[in-house]
Student: 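Below is a structure I'd like to ask you about.
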2 protein chains.
Amino acid sequence: MNAQAAGQVPEGYDPHAFEPFAVTVDLAVFTIREDRLHVLLVRRGQDPYKDCWALPGGFLLPRESADDAARRELAEETGLSDATVAHLHLEQLRTYSDPDRDPRMRVVSVAYTALGPDLPEPHGGGDAAHAQWLPYGTQGPLAFDHDTILADAHERVGAKLEYSCLATAFCPPEFTLGELRQVYETVWGVPLDRPNFRRKVLATPGFVRAVEGPPRLTGGRGKPAALYRAGDATALHPPLLRPEGRETTA
Amino acid sequence: MNAQAAGQVPEGYDPHAFEPFAVTVDLAVFTIREDRLHVLLVRRGQDPYKDCWALPGGFLLPRESADDAARRELAEETGLSDATVAHLHLEQLRTYSDPDRDPRMRVVSVAYTALGPDLPEPHGGGDAAHAQWLPYGTQGPLAFDHDTILADAHERVGAKLEYSCLATAFCPPEFTLGELRQVYETVWGVPLDRPNFRRKVLATPGFVRAVEGPPRLTGGRGKPAALYRAGDATALHPPLLRPEGRETTA
DNA sequence: GCAAAAGTGTTTCTATTACACCCATGA
DNA sequence: TCATGGGTGTAATAGAAACACTTTTGC
């Protein structure tokens, strides 16, 4: 049957007569804290998977797109201001629809990946109370199929760093090239050659643009570094491919 | 609210009490016929969008994943044998969930991209009766948001040719390097340098493997070409980037 | 012979890699 | 002054691009 193609719902169809599908969003939210990749997880209080960690997420409202639902949930779970959340990078990952992925009922989940600069500890009322940043890789088995979703999200982020300017989404508005390089090193788990990385980034038009004037800033010790902001470009041509065969499984 | 995170559905929830979401799959099926990219479309017989072309697709069955639904619909719409359909490349594109994308009711659609070698004209009973191959770009405005879905699918296929071995999915089991090159040229709408393309493909381990023995085959006139089969590799390292700035908007 | 497509060779150029080296700062 | 990270220079290599040229077929 094809209701859209045939221009009608199946014979005798009534929206309330069928076993309905619930539609949710799940969020894989990444940030970098203290040179480690972290993921936002919530502790489950009830069965199934009581006391397990899970990805934050929730149901779509009746008149809400999945994109809107993802951003709303992101705000609710992190306790961040709407203005801050509005600036986070949010991107659809894929949809998980195995009929048995939730033992309670049929739930189709649209998964999203979100990236942000070193975000604060989640606080405030509501869902954020059970939310916490965990270093990626230390989270143990998650509820439902969230291990799969999280692994897919991580792989996607790693791949997108190669051919997009996504890395700046992990950085604050102004950042040094060293910080940008650490984003790549942290997500990929590989050390990169500093001089070559610098040239590559600066040679890509629109990846970053230098902040005006002589102001400089240091990240502790060492020579103060120049500051940059994210540029207009979204694609990276040619790509910045991750070195193969030296992954250190960070 | 976050029913998964909270371990329960919202207060007083009953699966039949809410306005339910319908979940469908939509298919952007591409093939190459006579050196042109074609897409499989169905003619709508009823309102809304009566007499418009639309992407094939349909509802998920109660105990069916989106992947399974996509492959089932693909078989139904093309009228191809299950064995043939089982070999077609099928890949999730993304999910479209705008609340107003279908004027009749709330429909969340998981879109898929399918690729195959020169597929026959759809025939047989059922939905296939209204299905037809149309050259990509000549389809005019489609029903619902299917123009967006189709454009996204085309862009995705073009991008994946760069860094994956996907092009062989457009080819029959045995093919010449000329046919493989025409896949790239057809999808990208750019002519490629024959010698360089050949070297690139043969230099990528596992992209193609030569068919044994001296057998050769001609595609009409010109020197007979060696035959190849798809190899084991799925990724293309380094990628085969499409030339920029010379797109001929095929 | 001629057109058309396969296949080989070669040269040029660009991009990446792997370094060595100097600079500016905090401790 | 030493450790640390920023920034510049450079030679070697790999890959891409552009193009000439030969081969083998159909007509």
Side-chain angles (χ1 to χ4, degrees), chain A residues 34-35 161-163 171 174-186 188 190-205 207-211 213-228 235-247, chain B residues 34-35 161-163 171 174-186 188 190-205 207-211 213-228 235-247:
Chain A
E34 296 157 6
D35 292 351
L161 289 188
E162 290 190 322
Y163 56 89
C171 296
E174 301 197 339
F175 52 86
T176 68
L177 294 184
E179 289 167 341
L180 187 64
R181 183 170 43 80
Q182 285 198 12
V183 169
Y184 279 87
E185 293 181 332
T186 302
W188 286 350
V190 209
L192 298 178
D193 183 88
R194 218 179 326 109
N196 292 338
F197 178 83
R198 174 190 185 78
R199 262 187 297 265
K200 175 73 186 174
V201 170
L202 295 180
T204 303
F207 193 171
V208 298
R209 56 173 220 275
V211 168
R216 291 160 169 264
L217 185 117
T218 176
R221 52 197 173 294
K223 182 177 176 178
L227 288 175
Y228 295 84
L236 210 51
H237 271 298
L240 176 49
L241 301 175
R242 51 191 142 175
E244 29 186 351
R246 333 172 204 170
E247 190 127 0
Chain B
E34 295 157 5
D35 292 350
L161 289 189
E162 290 190 320
Y163 56 90
C171 295
E174 300 198 340
F175 52 87
T176 69
L177 293 184
E179 289 167 343
L180 187 64
R181 182 172 41 81
Q182 285 198 12
V183 169
Y184 279 87
E185 293 180 334
T186 302
W188 286 350
V190 210
L192 298 179
D193 183 87
R194 215 175 335 105
N196 292 338
F197 178 83
R198 175 191 185 77
R199 262 186 297 265
K200 175 74 185 176
V201 170
L202 295 181
T204 304
F207 194 170
V208 297
R209 57 171 220 274
V211 167
R216 288 157 172 266
L217 184 117
T218 176
R221 53 196 172 293
K223 180 177 176 177
L227 288 175
Y228 295 84
L236 211 51
H237 271 298
L240 177 48
L241 300 174
R242 50 190 145 178
E244 29 187 351
R246 331 169 205 172
E247 192 127 358

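Throughout, a chain's letter reflects where its sequence line sits, starting with A, and its residues are numbered from 1.
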Student: Just the rounded figure in Å: distance from P of dT4(D) to CD of Q182(A).
Tutor: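 Distance check: Q182(A) CD to dT4(D) P gives 14 Å.
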Student: Which of these nucleotides, dG7(C), dG6(D), dC19(D), is closest to any side-chain atom of R199(B)?
Tutor: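 Nearest nucleotide to the side chain: dC19(D).
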Student: Taking the side chain of P238(A) as its heavy atoms from C-beta onward, which of dA15(C), dT24(D), dT25(C) lies nearest to it?
Tutor: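 From the listed options, dA15(C) comes nearest.
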Student: Over all heavy atoms of both residues, which pair between L177(A) and V201(A) is shortest? Give the atoms and the distance, please.
Tutor: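 Residues L177(A) and V201(A), closest heavy atoms: CD2-CG1, 4.2 Å.
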Student: Between dT8(C) and R198(B), is there an OP1 or OP2 to side-chain N/O distance shorter than 4.0 Å?
Tutor: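 For dT8(C), OP1 or OP2 has a side-chain N or O of R198(B) closer than 4.0 Å.
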Student: What is the distance from CG of L240(B) to P of dA16(D), rounded to the nearest Å?
Tutor: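 Distance check: L240(B) CG to dA16(D) P gives 8 Å.
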Student: Tell me the closest heavy-atom pair linking L236(B) and L161(B), and the distance in Å.
Tutor: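 Heavy-atom minimum between the residues: CD2-O, 3.9 Å.
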Student: Do D193(B) and dA16(D) share a donor-acceptor pair, side chain to base, under 3.5 Å?
Tutor: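 Counting by modelled atom types and ignoring angles, no donor-acceptor contact under 3.5 Å is found here.
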Student: Rounded to whole angstroms, how far apart are CG on N196(A) and P on dT14(C)?
Tutor: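 In whole Å, dT14(C) P and N196(A) CG are 18 Å from each other.
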Student: Rounding to a whole Å, what distance do you find between Y228(B):OH and dA6(C):P?
Tutor: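 About 11 Å, once rounded to whole Å.
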Student: After noting the C-alpha distance and the side-chain angles of Q182(A) and E185(A), does the key distance pass the side chain to side chain contact (heavy atoms under 4.5 Å, CB included) rule?
Tutor: CA-CA 5 Å; Q182(A) 285 198 12; E185(A) 293 181 332; 4.2 Å; yes
Student: Could you check how far CZ of R194(B) sits from C1' of dA17(D), rounded to whole Å?
Tutor: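 Checked: the CZ to C1' distance equals 15 Å.
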Student: Pick the nucleotide of DNA chain D nearest each of P239(B) and P195(B); which residue has the one closer to the 5' end?
Tutor: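 The residue mapped nearer the 5' terminus is P239(B).
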Student: Between dA5(C), dT25(D), dA18(C), which nucleotide has the shortest distance from any of its atoms to the side chain of K223(B)?
Tutor: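 The answer is dA5(C), which lies nearest to the side chain.
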Student: Which of these nucleotides, dG7(C), dG6(D), dG9(D), is closest to any side-chain atom of A225(A)?
Tutor: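 When the side chain of A225(A) is considered, dG6(D) is the closest of dG7(C), dG6(D), dG9(D).
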Student: In whole Å, I'd like the distance from the CG atom of D35(A) to the C1' atom of dG5(D).
Tutor: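 It works out to 13 Å between those atoms.
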Student: Give the rounded distance in Å between these two atoms: CZ of F175(A) and P of dG6(D).
Tutor: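 The answer, rounded to whole Å, is 14 Å.
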Student: Considering just the side-chain nitrogens and oxygens of R181(B), establish if one lies under 4.0 Å of OP1 or OP2 belonging to dA6(C).
Tutor: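 The answer is yes; a side-chain N or O of R181(B) sits under 4.0 Å from OP1 or OP2.
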Student: Using ring pair (Phe, Tyr, Trp, His ring centres under 6.0 Å) as the criterion, list what pairs up with Y184(B), not counting sequence neighbours.
Tutor: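 For Y184(B), the residues satisfying ring pair (Phe, Tyr, Trp, His ring centres under 6.0 Å) (neighbours in sequence not counted) are W188(B), F197(B).
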Student: Tell me: CG of L202(A) to P of dT16(C), nearest whole Å?
Tutor: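 The distance from CG of L202(A) to P of dT16(C) comes to 13 Å, rounded to the nearest Å.
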Student: When you measure from the side-chain N and O atoms of K200(B) to the phosphate of dG15(D), is any distance below 4.0 Å, counting only OP1 and OP2?
Tutor: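 No, outside the criterion.
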Student: Determine the sole option in R198(B), R199(B), K200(B) for which the side-chain hydrogen bond (donor to acceptor under 3.5 Å, both in side chains) test with N196(B) is passed.
Tutor: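 By the side-chain hydrogen bond (donor to acceptor under 3.5 Å, both in side chains) criterion, N196(B) pairs with just one of R198(B), R199(B), K200(B): R199(B).
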